[in-house]
Amino acid sequence: MRKRTLGFVALGAAASLFLSACGGSATTGGDSGSEGSFDLGSTEVVNPSDKTGGTLKYAIASDFDSTDPGNTYYAFNWNFSRYYARTLLAFNPEPGDAATDLIPDMAADLPEPNEDFTEWTIQIQEGLKYEDGTEITAQDIKYGIARSNFNGGTFTLGPQYFKTHLDQGDHNVYEGSDPLAGFDSIETPDDYTLVFHLKDSFSEFPNVLTQPQTAPVPVEADRGELYQEKVVSSGPYKFDGEYEPGVKLNLERNEHWDASTDAVRPALPDRIEVEIGVNQDEIDERLVSGEIDVDLSGTGVGPAMHSRLLGDDSAQANLDNPYSGALRYVNIHTPVIEDVACRQAIMYAADRDSMWRAWGGAEGGDIATNLLPPAIPGSDPESDLYPSEDNKGDLESAEAKLEECGEGDGFKTNIAVRAEREKEVQTAEALQQSLERVGIEVEVKSFPAADFFGQYAGSQDYVRENDIGLSVSGWGPDWPTGYGFASKITHGDAIMETGNFNTSELNDPEINGLWDQALKTEDPEERADLYEQIDTLVMENAAILPVVFDKALIYRSDELTNAYYQPSYMMYDFMALGVDRG
């Protein structure tokens with residue numbers, strides 16, 4: 001029996017390590033254990049209430065990458081889409097050490113593996129319904145997974161874990177009149193059972209079942225890319241009208257949702273409203289004034305409000321400053337800057353101190369010199385292959401590397417940033433100034449966040465045609481292990497023509513082989529050792545320039561109820577939130 005449960009033991013160990021970092025106290029304010037103090041929401045539920053009613057108001061500067069659960073990879077949308085898209089499993093809805101434990105959502109219980117973790121069986125609850133009252137079946141979940149992973153390139157924005165791991169080959173669900181004909185890597189022996197057949201052992205597979213791609217989709221309702229306009233709800237809320245990109249998304253109650261089947265969503269508000277395309281400074285002002293309740297991006301206030309709030313003693317009890325578990329970093333695009341010595345020159349020349357200050361200094365996070373965040377097993381935060389005095393950069397070593405790659409006078413390239421994310425723009429500008437010192441000229445290019453990976457920094461053609469040698473990014477764990485954190489940004493198999501999140505296009509055979517070996521390694525300590533080796537190799541390849549292990553400064557109003565930081569989504573647990581305007 002030990003072998004059959006080992007995967008879950010490994011998850012628990014990772015979770016406890018993960019939470020130890022997320023619950024750390026901040027550098028400003030009072031004791032986080034006392035009522036009404038700074039950073040209370042990092043470890044406790046703030047303003048607990050079971051009061052229902054009211055409208056919960058969100059705003060965001062950018063937009064959803066897609067409201068379609070099968071075609072999204074932004075953390076805020078994985079969190080938000082749960083209002084209308086239930087998943088097979090979920091993360092435990094409470095703060096503290098158990099927050100990243102897995103629990104059933106649509107499932108009746110946790111999945112059961114076979115002896116070598118190549119087959120996983122899971123039952124769903126009977127009687128679950130869509131917004132029109134029809135029953136949700138295992139076949140609908142199978143179809144949702146198939147359409148998002150085996151679709152001939154229609155959906156490019158979500159993760160491809162199922163495509164990578166299912167023993168399916170290249171079957172395309174859009175071939176023929178029956179979209180599931182021949183799709184046998186997921187069996188549905190009855191309406192309530194799914195059996196997943198994997199290519200290789202994968203003891204961490206249950207984590208994949210928390211992802212929005214497991215949301216059910218009725219075949220007859222699927223409109224391809226247009227499905228995002230009005231997703232058929234399986235959750236407590238449904239679309240009120242159509243999603244209007246760049247403008248709004250409103251949700252109202254779904255009368256066919258049964259609270260007794262759902263341990264994840266208390267569904268307190270009567271209505272959810274999202275205002276899209278609001279300037280970050282305006283969002284921050286409206287948060288503080290109480291006109292809106294939550295910044296949907298979940299990344300905290302912008303630089304101007306950041307400084308203002310930290311200097312306001314009266315605001316301290318409304319602030320949380322958790323470690324997000326994310327790494328903020330710069331991709332060095334290997335097809336554009338091909339010579340590893342030229343990439344290493346960038347690593348040496350970077351003024352990490354100035355980039356750290358651009359991200360917010362101590363309240364913005366810790367200077368990062370390696371890939372894996374400290375809470376991930378296998379991380380070695382002391383690792384620093386490109387050291388410099390006071391983190392200001394080693395210009396002599398950078399110049400030597402430029403000579404080595406035949407660019408002794410430096411070179412020119414462009415750095416892509418998400419226009420709405422001011423900290424990322426400022427980070428790019430800080431890097432631009434530090435690289436100038438060794439003759440590397442970088443022009444900052446801004447693009448909309450919603451299309452950043454689909455059309456710009458994550459598009460192979462655009463990157464090559466427009467000399468995008470660098471791009472500023474951020475990444476958090478899909479689940480808190482080395483594989484859950486970094487495989488999709490460093491494994492060669494993750495490279496896609498568009499919607500590419502291995503944005504550096506790192507495709508190193510040794511790194512790929514270690515990732516594949518980790519999948520077959522049952523012992524979590526042995527896996528952690530492999531992850532540490534991968535971390536070092538990524539740094540040697542100079543494909544990623546780490547900047548900051550991120551902390552967010554989040555403002556919560558007195559009217560927001562049940563607010564607590566959920567590390568699985570790197571922001572508040574949106575499902576728990578309510579409003580009390582009385």
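- When only modelled atom types and interatomic distance are considered, S66 and Q228 share a side-chain donor-acceptor pair under 3.5 Å.
- Using modelled atom types, one side-chain atom of N92 and one backbone atom of A98 make a donor-acceptor pair closer than 3.5 Å.
- When each of F64, Y73, Y569, Y83 is checked for a ring pair (Phe, Tyr, Trp, His ring centres under 6.0 Å) with W78, only Y73 meets the rule.
- Other residues, nucleotides and ligands contribute only 12 or fewer heavy atoms inside 6.0 Å of the CD atom of E510.
- A distance of 6.0 Å or more separates the ring centres of Y323 and F549.
- One side chain, Y572 or D320, offers a donor N or O that lies under 3.5 Å from an acceptor on the other.
- Judged by distance alone, with hydrogens and angles left aside, the side-chain atoms of N414 form no donor-acceptor pair with the main-chain N or O of K445 at under 3.5 Å.
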**Request:** Output, in order, the C-alpha distance, side-chain angles, deciding distance and verdict of salt bridge (charged side-chain N to carboxylate O under 4.0 Å, His left out) for E204 and R527.
**Result:** CA-CA 11 Å; E204 297 182 12; R527 288 203 302 271; 3.1 Å; yes
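- Residue E525 places its CD atom among 12 or fewer non-hydrogen atoms of other residues, nucleotides or ligands, all under 6.0 Å distant.
- Annotation for K199: atom NZ counts as buried by contact number, over 12 foreign heavy atoms lying within 6.0 Å.
- By the salt bridge (charged side-chain N to carboxylate O under 4.0 Å, His left out) test, K423 pairs with no residue at all, sequence neighbours left out.
- Under the salt bridge (charged side-chain N to carboxylate O under 4.0 Å, His left out) criterion, R343 pairs with no residue at all, not counting sequence neighbours.
- In this model, no donor atom of one side chain and acceptor atom of the other lie less than 3.5 Å apart for Y161 and N149.
- Between the side chains of S42 and D39, at least one donor-acceptor pair of N or O atoms lies under 3.5 Å.
- Under 3.5 Å, the side chains of D380 and Y531 contain no donor-acceptor pair of N or O atoms.
- The list of disulfide (SG to SG under 2.5 Å) pairs with a residue in residues 456-529, not counting sequence neighbours, is empty.
- Around NZ of K392, the count of heavy atoms belonging to other residues, nucleotides or ligands within 6.0 Å exceeds 12.
- Ring centroid separation for the pair Y462 and H333 does not come in under the 6.0 Å cut-off.
- F574 has its ring centre less than 6.0 Å from the ring centre of Y58.
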